[in-house]
Amino acid sequence: MSTVDPNEEKGPDTSGTPSAPSNFIREIVREDLKTGKYEGRVHTRFPPEPNGYLHLGHAKSICLNFGLAKEFGGKTNLRFDDTNPSKEETEYVESIKDNVRWLGFDWEDRIFYASDYFGQLYEWALQLIKAGKAYVDDLTAHEIRHYRGTLTEPGKESPYRNRPVDENLELFERMRKGEFADGSRVLRAKIDMASPNLNMRDPVMYRIVHAEHHRTGNKWCIYPMYDFAHGQSDSIERITHSVCTLEFEDHRPLYNWFVEQLGIYHPQQIEFDRLNLTYTLLSKRKLLTLVEERHVRGWDDPRMPTIAGIRRRGYTPEAVRNFCSAIGLSKTNGTIELGMLEHFVREDLNKRAPRVMAVLRPLKVVIDNYPEGQSEMMDAVNNPEDASAGTRKVPFSRVLYIEQDDFREDPPKQYYRLSPGREVRLRYAYFVTCTNVVKNDRGEVIEVHCTYDPASRGGNSPDGRKVKSTIHWVSAAHALDTEVRLYENLFTTEDPNKTEDGQEFTAHLNPHSLEVVSKAKLEPSLQGAPIEARYQFERLGYFCVDRDSTAEKLVFNRTVALKDTWTKIEKKAEAKPGKTITSEKKPSEFSKAPRS
RNA sequence: UGGGCCGUCGACUAAUGGUAGGUCAAGUGCCUUUGGAGCACUUUGUCUAGGUUCGAAUCCUAGCGGCCCAGCCA
């Protein structure tokens, strides 16, 4: 494989993959390659802890790590950082593998576990004890915290800090054998209790945990801490660039200290900024709470920012990858607008999603001059962005459904859709003109009557007459009943992490984040659509088939709505009550209207 | 208040001492059998104050602001 991107210095990228701007990590790698720091190797790793489902923040890291290796002809390992048996499960391991694959990345045969290295790590601990660099401490967790000092005051040395090497060796061996209770002793590195970096104040290397590990079972009852496992795992795998998020910056001196004391291969840790998205929570802990407290239907609820969730929502791996490359990489603490993510699904789905007609909130339309019992097949284009997608037939008949939003008895200014006396086009069918309406007891329009122009078949009138709008429709007799799930942001505030005193983050949960439309109508061509298939429902948005679908009834998720200029016009009018978009009629007359 | 990191259009990100550019958003126009898509155009930015320099977003100093750290979590 070539290590050089042929498009790199030739101006605009024509490969189809959007070229991401460079970033500081790429520059570091480039420089290391130039100086031969790692003999020309680039080897990264993606190291999740299998204690939950992956989310968009992980997607950023996955794209970074695999992307870097791919760009420079290197390799990426998948490594599970499974050093805390009390939180980790095989279910999570499986979902993580699945998610990485779905995103389109391949670790080939390089799947590793920190638990693979427990034996080696134990040997290294022994080595540090023998060198007088580690000791067994009998202090309680509370006492250790107390001795550690504070941000502004130095810590105090533990009374056990200067135990003889032999005693440390014996005690550590007995810890390993399971002679002591959880929490009774730890192994600590002997560094500097006065260090301004709290991580260097004799950090804990091993703790006692009598718990079953998802892979090693009960073989071990002492487990290495992150700091004692991560750098060494990178070292064993001969990782060159160990990238992680900003909060580990303060751990870098410790990362370096361990590999230096041990005298082993030294990878370099580089930190980048974590992903933040407006209206979204990207914290495994809080996402777990949402699942456990049943605020959502599971880890793959389409409202969740998990990889599983956005997949079920209908996002494509390409959209996620394009998003990750577009947001760039830096050390700034920023928050990306959710609209950016949505842009990239729309962009991708616009090119590939077949168009189809569906009516979410049906309003019955009767074409009075269309023969009863007659129906005909209209030709419809599957994807105007892609000629190779071809056409399909859609049945038309006398009784149709249109969207309730597409009819207004009192049309406001700039409203171009159907209203009494007005002619519009039914997409791929005929021009129709509204002649009258039928209302129920509450004065609501329940049926619209129209006449059609037989000469406008296909959607154009031979006399060159123009209409202001084209609306979608479904033939009532042929329609498929379907359930459609509409989603809004899970949270109502831009930063759901910010809460007032005593408030849980769940206080900002959006009560309307899920709306189930149970009586939507679909054109019949969708019969038998497979799970995960994605479509554009014309004029409405992108939708995908949910796995809750059955042979009798399809269930769709709305991935994202189409950009909606009309809603924007309406909102602007609301904001400026001066020049309103209310009725074309006089205000007094409008106020007497039966509806609202 | 100790230490670490970071401040560029509304948001994200480039410019590596030499033309402040791109994407998203917003807006205007064109086009349109999706009020979609597309096309064209437009608006807004270097945290502040000093200094070094022919020249500073970039280097230095001092302020100001933000994020992270006191788990036997990762």
Side-chain angles (χ1 to χ4, degrees), chain A residues 18 20-24 27 47-49 51 81-84 86-88 137 139-142 144-146 148-155 182-188 195-201 203-209 223 225-227 229-230 244-253 271 273-274 278 284-285 323 326-344 346-347 350-351 355 357 380-381 384-385 414-417 425-429 458-460 467-472 536-541 561-569:
Chain A
S22 194
N23 61 61
F24 74 101
E27 293 312 312
E49 182 188 11
N51 66 342
D81 222 334
D82 55 351
T83 57
N84 184 359
S86 60
K87 290 187 175 176
E88 298 152 4
D137 197 340
L139 254 29
T140 63
H142 180 261
I144 286 180
R145 191 181 320 132
H146 189 248
R148 187 153 32 226
T150 68
L151 294 176
T152 51
E153 299 160 300
D182 287 8
S184 59
R185 276 177 240 262
V186 291
L187 183 71
R188 291 231 252 170
S195 172
N197 180 348
L198 298 250
N199 293 120
M200 300 301 272
R201 318 241 266 228
V204 172
M205 294 163 59
Y206 269 93
R207 76 288 214 187
I208 302 169
V209 182
Y223 290 90
M225 296 289 288
Y226 165 85
D227 286 305
H230 203 91
C244 61
T245 43
L246 250 25
E247 68 271 25
F248 291 102
E249 258 169 340
D250 290 342
H251 293 247
R252 184 165 12 104
E271 309 85 11
D273 62 332
R274 189 180 261 286
T278 55
K284 272 191 197 170
R285 205 201 92 234
F323 168 73
I327 59 176
L329 196 70
S330 71
K331 300 182 77 150
T332 325
N333 276 301
T335 303
I336 285 145
E337 291 172 352
L338 193 56
M340 180 82 95
L341 212 216
E342 294 180 339
H343 162 80
F344 285 96
R346 287 198 189 98
E347 182 189 62
N350 176 50
K351 285 179 290 186
R355 317 281 125 130
M357 291 198 283
V381 173
E385 303 292 317
Q414 297 180 72
Y415 183 89
Y416 305 143
R417 284 112 96 147
R425 170 166 40 231
L426 293 178
R427 182 144 226 226
Y428 299 126
N460 278 308
V467 287
K468 272 267 197 178
S469 96
T470 301
I471 64 176
H472 60 277
Q536 183 194 104
F537 288 0
E538 294 228 24
R539 305 209 301 131
L540 297 176
L562 250 28
K563 281 201 202 156
D564 185 351
T565 314
W566 168 242
T567 300
K568 212 176 272 180
I569 293 169

(Q) Does B:rA14 have its OP1 or OP2 closer than 4.0 Å to a side-chain nitrogen or oxygen of A:Ser22? (A) no
Q) How does protein contact run along nucleotides 67-74 of chain B, one letter per nucleotide 5' to 3', with B for base contact, S for sugar-phosphate only, - for none, heavy atoms under 4.0 Å? A) SBBBSBSB
Q.
Is the shortest side-chain heavy-atom distance between A:Val381 and A:Arg355 below 4.5 Å?
A. no
Q. Would you say the side chain of A:Trp566 lies within less than 4.5 Å of the side chain of A:Arg417, judging by non-hydrogen atoms?
A. yes
Q: Under 3.5 Å for both distances, Watson-Crick or G-U wobble, that's the pair rule; now give the dot-bracket for RNA chain B, with | marking pairs to another strand and [ ] for crossing ones.
A: .((((((..((((....[..)))).(((((.......)))))....(((((..]....))))))))))).....
Q | Distance between P atoms of B:rG21 and B:rA26 (Å, rounded) | A | 23 Å
Q) Is A:Lys284 touching bases, backbone alone, or none of the nucleic acid, heavy atoms closer than 4.0 Å? A) nothing
Q: Could you check which of B:rG35, B:rA25, B:rU16 has an atom nearest any side-chain atom of A:Lys563?
A: B:rA25
Q.
Please classify the glycosidic conformation of B:rG66 as syn (within 90° of 0) or anti (everything else).
A. anti
Q | Comparing A:Ser330 and A:Leu426 on RNA chain B - which has the more 5′ nearest nucleotide | A | A:Ser330
(Q) Measure CD/A:Gln536 against P/B:rG36 and give the value in whole Å, please. (A) 11 Å
Q) Taking the same atom, P, in B:rG3 and in B:rG22, what whole-Å distance lies between them? A) 42 Å
(Q) Classify A:Leu562 by what it touches in the nucleic acid, base, sugar-phosphate, or nothing, heavy-atom distance under 4.0 Å. (A) base
Q. Is A:Lys331 salt-bridged to A:Glu249, going by a charged N under 4.0 Å from an acidic O?
A. yes
Q.
Please determine whether a side-chain nitrogen of the Lys or Arg among A:Glu271 and A:Arg252 lies less than 4.0 Å from a carboxylate oxygen of the Asp or Glu.
A. yes
Q | Closest to the A:Thr332 side chain, choosing from B:rG7, B:rA26, B:rG35 | A | B:rG7
Q: Whole angstrom is fine here: how far is it from CZ in A:Phe24 over to P in B:rC12?
A: 16 Å
Q.
Expressed as a whole number of angstroms, how long is the span from A:Tyr416:OH to B:rU34:P?
A. 14 Å
**Q.** d(CG, A:Leu341; C1', B:rA25) in whole Å
**A.** 14 Å
Q) NA contact type, A:Glu385, heavy-atom cut-off 4.0 Å: base, sugar-phosphate, or nothing? A) base
Q: Look at all strands and tell whether A:Pro154 reaches a base, only sugar-phosphate, or nothing, counting heavy atoms closer than 4.0 Å.
A: nothing
**Q.** Euclidean distance for P, B:rU23 against B:rC64 (whole angstrom)
**A.** 38 Å
Q: For A:Asp273 and B:rG66, give me the distance from atom CG to atom C1', rounded to whole Å.
A: 13 Å
Q.
Any side-chain N or O of A:His343 below 4.0 angstrom from OP1/OP2 of B:rC24?
A. yes
Q. How is A:Arg285 classified with respect to the nucleic acid when contacts are heavy atoms under 4.0 Å: base, sugar-phosphate, or nothing?
A. nothing
(Q) Please report the distance separating the C1' of B:rG10 from the corresponding atom of B:rA25, rounded so that it comes out in whole Å. (A) 7 Å
Q: Classify the nucleic acid contact of A:Glu153 as base, sugar-phosphate or nothing, counting any heavy atom under 4.0 Å across all strands shown.
A: nothing
